[in-house]
Colleague: 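Just dropping this structure here.
Chain identifiers are assigned alphabetically (A, B, ...) following the order of the sequence lines, protein sequences preceding nucleic acid strands; residue numbering begins at 1 within each chain.
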Amino acid sequence: MSIFAHIFNLFIHSMAQVRVRFAPSPTGPLHIGGVKTALYNYLFAKKNNGNFILRIEDTDQARFVEGAEEYIMESLKWCGIIVDEGINEGGNYGPYRQSERRAIYRQYADILIDKGDVYYAFDTPEQLENLRRESEKAGNTFIYNATVREKLSNSVSLQENLWKEKLEKGEPYVLRYKMPHNEDIHFEDIIRGHIVVNTRTLDDKVLFKSDGMPTYHLANIVDDHLMEISHVIRGEEWLPSLPLHFMLYHSFGWDPPLFAHLPLLLKPDGKGKLSKRDGDKMGFPVFPLFWPYGETAKGYREEGYYPEAFVNMLALLGWNPGTEQEIFSMKKLIEAFTIDRVGKSGSRFDPEKAKWFNHQYLQNRTNTQLALEFREFLRARGYHVDIVDLETLVGLVKERVSFVKDIWEQADFFFRAPETYDQEVIKKRWKEDSAALLLELRSLLEKINDFSAAGTETVVKAWIEEKGYNTGAIMNAFRLVVVGTSRGPHMFDIISWIGKEETLKRIDKGLSIIGK
RNA sequence: GGUCCAUUCGUCUAGUGGUUAGGACGUCAGGUUUUCAUCCUGUUAACAGGGGUUCGAUUCCCCUAUGGACUACCA
């Protein structure tokens with residue numbers, strides 16, 4: 001394509017309705033790399049007032065996994081990605097499940113057979129497997145292409161009456177694309193620019209399987225055309241088959257959509273594509289939601305991530321707005337998103353940064369929202385606490401946590417007296433006179449009527465000053481008996497929340513156990 | 001092995017034919033605090049290497065290296 005033709009093509013596409021599709025296979029839980037692809041498609045569509053289409057690519061019956069379709073849809077929903085057309089939403093281009101479009105693909109395959117671009121091949125999987133093994137032994141790679149086509153069992157090499165006889169006898173066959181022998185194919189990718197590939201390195205891909213189903217390549221091109229997809233935004237793993245896809249468009253005489261191949265998500269350490277294994281090994285999820293079937297997998301939702309934070313994190317992994325802003329709502333992402341700001345190289349996934357994003361979103365929640373969320377958490381553990389008290393508590397600890405579940409770790413002592421006392425802290429903070437001072441403090445507290453944080457603080461501070469005591473020494477010992485260790489919010493906030501009675505009880509218990 | 005793609009602090013990235021190469025996460029240090037954390041301030045650290053082109057290259061071109069993807073009747 002000349003540069004002018006290309007510019008013209010871009011112009012034409014820019015006039016047309018933007019329609020993008022996310023086309024996962026229901027072979028298991030949707031990987032976060034897949035979610036990222038879906039997200040970029042969605043952002044691009046919405047930025048351009050276009051439609052986001054969900055198409056299920058279930059042409060491989062052997063790999064179909066029960067529950068995967070639902071998982072995909074629930075994942076998108078959790079992320080706030082709204083499907084305009086799809087298997088549940090319907091639309092004018094359905095059906096949106098490829099297994100229900102079987103008849104369509106055969107018609108289109110026949111068109112290419114008639115054109116002579118596709119041929120019948122009768123080689124069995126075993127024969128091909130043997131050929132591959134032999135080639136490998138000889139140090140070569142077996143490629144089913146123009147150089148060996150003539151020697152194999154197909155409608156190109158065989159006499160017409162012979163292969164027609166095979167067809168009539170019902171011998172199994174596949175349909176292969178007749179890749180030209182030695183031609184440079186030029187094509188464009190929005191992210192990568194101009195690419196040239198010579199067809200001699202390509203093979204005669206199977207377009208139609210012997211089970212009557214199309215392969216990805218055929219189904220994909222036919223559906224993208226029929227569904228009037230304007231932009232194909234997909235993972236980089238598809239880049240090697242892009243020349244084939246261009247050839248197919250050419251064979252059909254169709255205008256190809258515009259393509260953008262997104263870089264992959266890489267492992268946090270070491271090398272390679274991010275996989276489920278890495279998540280298990282390093283303790284972070286690789287999937288948006290918990291996967292309950294077979295070999296289960298952790299999900300971001302269940303780990304306590306907010307979908308907004310998850311989406312924000314994913315969006316910034318491979319795209320940036322060109323400004324220093326990092327926190328984006330979905331709405332803001334849509335406003336800011338442009339495909340030319342998508343990077344070219346793979347991004348290593350960083351679980352620490354993911355946590356940071358959640359921290360930011362959690363800080364922006366109101367105490368009421370957080371109290372409600374934390375109440376759910378407490379309920380599951382058998383604690384029933386007044387929402388007003390929880391709002392106060394959440395306000396005391398929110399800035400130190402990244403997840404709602406962390407609140408418990410920061411605040412468990414609000415709900416229960418310590419069972420044990422940190423030996424390290426005892427060693428460091430428990431002095432000769434600690435017991436005596438706490439006893440004195442106990443009788444002081446006992447007399448206070450206003451047990452608010454401010455009320456107790458005023459009285460206690462005045463007492464410390466009057467006696468000329470050391471604030472740190474007293475407060476540290478006090479904290480030890482109330483909390484059990486040296487952590488937590490302001491002491492007076494803690495005792496105000498747990499109340500006078502509980503405070504005195506904890507002092508007594510602490511004194512009796514730590515002693516002297 | 002072959003084909004294609006990629007390469008800026010440890011990580012995500014900004015950026016330009018002449019910049020003190022900027023930000024964020026992390027690290028470390030200091031400050032705040034009755035503790036722990038948070039927070040604040042500061043610090044740290046990068047243009048993969050080699051050739052060109054050029055007065056000048058991180059930026060443009062080539063090569064090498066490294067990494068990745070693909071190489072199925074899987075998507």
Colleague: Answer yes if the side chains of A:Asp223 and A:Tyr96 hold a donor-acceptor pair under 3.5 Å, and no otherwise.
Modeller: no

Colleague: Using only modelled atom types and a 3.5 angstrom limit, is any donor from either the side chain of A:Thr141 or the base of B:G1 paired with an acceptor on the other?
Modeller: yes

Colleague: Would you check if A:Leu441 and A:Leu438 make a side-chain contact, meaning some heavy-atom pair closer than 4.5 Å?
Modeller: yes

Colleague: B:U41 and B:C5: how far apart are their C1' atoms, nearest whole angstrom?
Modeller: 43 Å

Colleague: Scan A:Arg341 against the nucleic acid and name what it touches under 4.0 Å (heavy atoms): base, sugar-phosphate only, or nothing.
Modeller: sugar-phosphate

Colleague: For B:U35, does either OP1 or OP2 sit under 4.0 Å from a side-chain N or O belonging to A:Lys428?
Modeller: no

Colleague: Could you work out the separation of B:G23 and B:U8 based on their C1' atoms and round it to a whole Å?
Modeller: 13 Å

Colleague: It should be established whether A:Lys344 places a side-chain nitrogen or oxygen under 4.0 Å from OP1 or OP2 of nucleotide B:G68.
Modeller: no

Colleague: How about A:Tyr216 and A:Trp238: are their ring centres within less than 6.0 Å of each other?
Modeller: yes

Colleague: If you compare every side-chain N and O of A:Thr59 against the phosphate oxygens of B:A75 (OP1, OP2), does one of them come in below 4.0 Å?
Modeller: yes

Colleague: If B:U53 has a Watson-Crick or G-U wobble mate with both distances under 3.5 Å, name it; if not, just say none.
Modeller: none

Colleague: Between B:G26 and B:C63, how far apart are the two C1' atoms, rounded to whole Å?
Modeller: 36 Å

Colleague: Under 4.0 angstrom, heavy atoms only, what part of the nucleic acid is A:Pro243 near: base, sugar-phosphate, or nothing?
Modeller: nothing

Colleague: Does A:Thr27 have a side-chain nitrogen or oxygen under 4.0 Å from the phosphate oxygens OP1 or OP2 of B:C74?
Modeller: no

Colleague: Return the pairing partner of B:G67 with a 3.5 Å limit on both distances, Watson-Crick or G-U wobble; otherwise return none.
Modeller: B:C5

Colleague: Taking OP1 and OP2 of B:A72, is either one under 4.0 Å from a side-chain nitrogen or oxygen of A:Arg132?
Modeller: yes

Colleague: Can you find a donor-acceptor N/O pair under 3.5 angstrom joining the side chain of A:Arg400 to the base of B:U38?
Modeller: no

Colleague: Can you say whether the rings of A:Trp291 and A:Tyr293 are parallel (under 30°), tilted (30 to 60°) or perpendicular (over 60°)?
Modeller: perpendicular

Colleague: Quick one: is B:U35 close enough that its OP1 or OP2 comes under 4.0 Å of any side-chain N or O from A:Asn476?
Modeller: no

Colleague: Are OP1 or OP2 of B:A37 and a side-chain N or O of A:His490 less than 4.0 angstrom apart?
Modeller: no

Colleague: State plainly whether the residues A:Glu129 and A:Arg133 are in salt-bridge range, i.e. N to O under 4.0 Å.
Modeller: yes

Colleague: Give a yes/no answer on whether the side chain of A:Arg487 brings an N or O atom under 4.0 Å of OP1 or OP2 in B:U38.
Modeller: no

Colleague: Pick the C1' atom in B:U58 and in B:C47, then give their distance to the nearest Å.
Modeller: 4 Å

Colleague: Under a 3.5 Å limit for both distances, which nucleotide forms a Watson-Crick or G-U wobble pair with B:A45, could you say?
Modeller: none

Colleague: Main chain of A:Gln325, side chain of A:Thr323: is a donor-acceptor contact present, judged purely on distance under 3.5 Å?
Modeller: yes

Colleague: With a 6.0 Å cut-off on the ring centroids, do A:Tyr305 and A:Phe403 count as close?
Modeller: yes

Colleague: Go ahead and name the base partner of B:U38; Watson-Crick or wobble counts if both distances stay under 3.5 Å, otherwise write none.
Modeller: none

Colleague: Take atom C1' in B:G1 and the same atom in B:U27, then report the distance between them in whole Å.
Modeller: 42 Å

Colleague: Distance between the P atoms of B:C61 and B:G2, in whole angstroms?
Modeller: 25 Å

Colleague: Indicate whether OP1 or OP2 belonging to B:A75 is found under 4.0 Å from a side-chain N or O atom of A:Arg63.
Modeller: no

Colleague: Would you indicate what A:Ser210 reaches in the nucleic acid, counting non-hydrogen atoms under 4.0 angstrom: base, sugar-phosphate, or nothing?
Modeller: base

Colleague: Between B:C55 and B:U16, how far is it from one P atom to the other, in whole Å?
Modeller: 23 Å

Colleague: Say you pick atom C1' in B:A57 and the same atom in B:U19; how far apart are they, in whole Å?
Modeller: 13 Å

Colleague: If we call it a pair only when both distances are under 3.5 Å in a Watson-Crick or G-U wobble match, what pairs with B:U11?
Modeller: B:A24

